[in-house]
There are 2 protein chains.
Amino acid sequence: MDKKLLVFGHKSPDTDSIASSIAMAFLQTKLGNSAEPRRLGNISKETEYALNHFKIGVPELLTSVSEDDNIILVDHNEFDQSVDNVQNSHIYMVVDHHRISNFQTTDPLYYYAEPVGCTCTILYKLFELNHIMIPADVAGLMLSAIISDTLLFKSPTCTKLDITTAERLAQISNTDINTYGLAMLKAGTDLSSFSEEELLDLDAKLVTIGNTVKAKIAQVNTADINDVMSRKDKLEKVMQNGINSLNLDLSVLLITDIINSNSQVIVLGSRSDLIEKSYSVKLENNTAFLKGIVSRKKQVIPILTANV
Amino acid sequence: MDKKLLVFGHKSPDTDSIASSIAMAFLQTKLGNSAEPRRLGNISKETEYALNHFKIGVPELLTSVSEDDNIILVDHNEFDQSVDNVQNSHIYMVVDHHRISNFQTTDPLYYYAEPVGCTCTILYKLFELNHIMIPADVAGLMLSAIISDTLLFKSPTCTKLDITTAERLAQISNTDINTYGLAMLKAGTDLSSFSEEELLDLDAKLVTIGNTVKAKIAQVNTADINDVMSRKDKLEKVMQNGINSLNLDLSVLLITDIINSNSQVIVLGSRSDLIEKSYSVKLENNTAFLKGIVSRKKQVIPILTANV
């Protein structure tokens, strides 16, 4: 690969999208390629905490790519979650842990996906496969991504491999998983400085469910659901604006209590019935409590898809 | 994985599709899963030669799957090259070396793809990764697939990794690559017993080029192009029937000279101009000579896509 590879995760980047970009760019550089991490949006307070803790800089913002760009997608594959014009660039590699959808290439490519809790768990394997040592700071950031995606191993997306990988990364980075992990997750739940617009874009995905329902599913983590619910009226106004401007059939905000592993949802749009049907709940004032639901990937998107 | 996994390659199976299915089913069984290889059509004379040589049985035919089936796709991912109803089954894993297109899942999955010449080259890596020994007969069959897909390392799809993997598999199976390889390829070029219908389905792919041009691109290998061209009138009749029944915009037969690495093409359909434009040739009586063109994947599909 003569040209520079740009490495990035999904829009509204979470800690895994940022950590995977940095770790993959490092790996490619060690393999003799020129590679740089990028981000497709503002980082969260959780990610900021992790980057500060391990003294790693924030990747540059990327807003669009051209057909001359060689890119590596990490932590996503769906074009509508990716950078503008991604379909016209040259996709050199994908490393991901999500379903495959709205994705296609003209040429054969490297594609590694596994149904594990975190992209960084797969990246750890690629470092091992290629016999490349992971420096302590990068290892700490990769550990942060696993803690974030698995909510300290409590999410149903968490696999044994995520846990054993996190333990190895904790050794390399000399980190106490529980102490550091709780502090990092807590840093991510300080939502007071965000506007409602920002809250709804902290970790949001646009998905088309069953080829028909255009939906935006946003998620915020909190230690206190009531704290976020006190802003419900303003949040609903912003969600309604999004429905109008993006022509959505469904807009969902998952407010996830990371201590007790439940979510409160706010739901708007002509297909709000899909949430009621999927979880056998009745929305009252556009909201419902979803007991035990914490994972958009494992407990929301496939359930909505099955009920559409 | 409690349920049985069905493992299969693409329709009109070539040696790689059959060998990958058998090798992957063996690997999964060693990993503690219940898995069986299947085939989606008749095997070629080349594949028959390889199976006989290494004393391995022909996999059972599979014509359709249901939503209760757990499947592994090897050597393909596009749904229109796969078994009927594939989109409703549960896709557990894909191992492939083609572009990704017309493919989607509801859930996260294992997906390993690399831009190498043969699926068996990737499978060899998976055996190594999992520390599973490859028995001599399976190794011989995997070697056959690499020889077949790379035309004894002469195809532009062939990578260094295909060659080093073939050399390792030759050691394990105690096979002389050149002697065996030429004999196997030659066995595949004896086309005399096939009807024109069969010739056009020996190794055929349905593809949609640039989302608009519905095309069937068939390929036969021969040691003597004239031998196949003497059947041109009858081949054209069958191709025209296929255009009518499948509503194709383009039907192409690549007649590939495996000794000299060139192809003669027969081209029918309303978008025949795409071949003329792509290779700067003029079709005369629906045919043209394409110097140095031997790979449908690397020298035909992407070139047509770029020129559509």
Side-chain angles (χ1 to χ4, degrees), chain A residues 1 67 73 75-79 87-88 90-119 122 125-126 128-130 149 156-157 159 161 207-211 295-308, chain B residues 1 67 73 75-79 87-88 90-119 122 125-126 128-130 149 156-157 159 161 207-211 295-308:
Chain A
M1 182 56 48
E67 57 190 28
L73 306 184
D75 194 30
H76 76 300
N77 66 84
E78 304 194 32
F79 285 170
Q87 68 279 3
N88 296 319
H90 178 248
I91 304 174
Y92 173 72
M93 183 185 270
V94 179
V95 177
D96 190 22
H97 66 130
H98 296 90
R99 70 170 190 178
I100 299 178
S101 191
N102 305 309
F103 178 83
Q104 58 176 4
T105 62
T106 311
D107 296 304
L109 77 164
Y110 293 88
Y111 198 113
Y112 298 111
E114 288 200 28
V116 291
C118 182
T119 309
I122 308 170
K125 233 188 224 189
L126 295 186
E128 280 213 312
L129 253 175
N130 290 289
D149 267 12
T157 58
T159 66
L161 189 65
V207 286
T208 305
I209 297 169
N211 290 321
S295 166
R296 174 173 51 199
K297 188 169 71 171
K298 206 133 180 174
Q299 298 176 301
V300 179
I301 292 176
I303 311 300
L304 297 185
T305 304
N307 282 283
V308 78
Chain B
M1 183 55 47
E67 59 190 27
L73 306 184
D75 194 28
H76 76 299
N77 67 83
E78 303 193 32
F79 285 169
Q87 67 280 4
N88 295 319
H90 179 248
I91 303 174
Y92 173 72
M93 181 184 274
V94 178
V95 178
D96 190 22
H97 66 131
H98 296 90
R99 70 170 190 179
I100 299 179
S101 190
N102 306 309
F103 178 84
Q104 57 176 5
T105 63
T106 311
D107 296 305
L109 76 164
Y110 292 88
Y111 199 113
Y112 297 112
E114 288 200 28
V116 292
C118 182
T119 309
I122 308 169
K125 232 187 222 188
L126 295 186
E128 280 212 313
L129 253 174
N130 289 289
D149 266 12
T157 58
T159 66
L161 190 64
V207 287
T208 305
I209 297 169
N211 289 322
S295 165
R296 174 172 52 198
K297 188 169 73 171
K298 205 131 178 174
Q299 297 176 300
V300 179
I301 291 176
I303 311 299
L304 297 184
T305 304
N307 282 282
V308 77

- Main-chain N/O of B/Ile100 paired to A/Thr105 side chain as donor or acceptor, under 3.5 Å: yes

- Message: Going by salt bridge (Lys or Arg N to Asp or Glu O under 4.0 Å), name the pairs with one or both residues in residues 94-115 of chain A, residues two or more places apart or in two chains.
- Response: A/Glu78-A/Arg99, A/Glu114-A/Lys125

- Query: With a 4.5 angstrom heavy-atom cut-off, which part of A/Lys298 approaches chain B: side chain, backbone, both or neither?
  - Reply: neither

- Item | Heavy-atom pairs under 4.5 Å with chain A, option from B/Gln104, B/Met93, B/Lys297 with the top count | B/Gln104

- Task: Ignoring hydrogens and angles, tell me if any N or O in the side chain of B/Thr106 forms a donor-acceptor pair with the backbone of A/Pro302 under 3.5 Å.
- Result: no

- Note on the structure: The complete set of side chain to side chain donor-acceptor pair (under 3.5 Å) pairs with one or both residues in residues 299-308 of chain B, sequence neighbours excluded, reads none

- Note on the structure: The interface call for A/Leu129 against chain B, heavy-atom contacts under 4.5 Å, is side chain

- A/Leu109 side chain reached by B/His97 side chain, heavy atoms, under 4.5 Å: no

- Message: Quick check: do A/Tyr112 and B/Tyr112 have side-chain heavy atoms less than 4.5 Å from each other?
- Response: yes

